[in-house]
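Comments concern the structure below.
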Amino acid sequence: EALLKRNAMLVYPYIQDGSISHGKAAEMLGVRKMDLIVLYGKMGLPYFDETEEELEEDIDNIRNIRGEILC
């Protein structure tokens, strides 16, 4: 597990900058995507990289779109 953590940390910057996806990183590391996401979570590295304000804006946008569709 120590080797996996080390390798996961080596690829994390590439996930952060959008060069590779979590799925591609998991494939490279030989683990399932969900297992990698859980591992990063245990290490304090978030899957979602949004501020609270960005999340609220996304929620408002979804509500507006849903309202337009229902009208």
(request) Starting at NE2 of H22, measure out to CZ of R32 and round the result to the nearest 0.5 Å. (result) 15.5 Å

(request) Drop me the distance from K24's NZ to S19's OG, to the nearest 0.5 angstrom. (result) 13.0 Å

(message) Apply the hydrophobic cluster definition, ILVMFWY joined by side-chain contacts under 4.5 Å directly or through others, and give me every member besides Y40.
(response) L4, M9, V11, Y12, Y14, I15, I20, M28, L29, V31, L36, L39, M43, L45

(request) Decide yes or no for D60 and E57: does some side-chain heavy atom of the first lie under 4.5 Å from some side-chain heavy atom of the second? (result) no

(request) With sequence neighbours left out, write down each residue that passes salt bridge (Lys or Arg N to Asp or Glu O under 4.0 Å) with D58, or none if nothing qualifies. (result) none

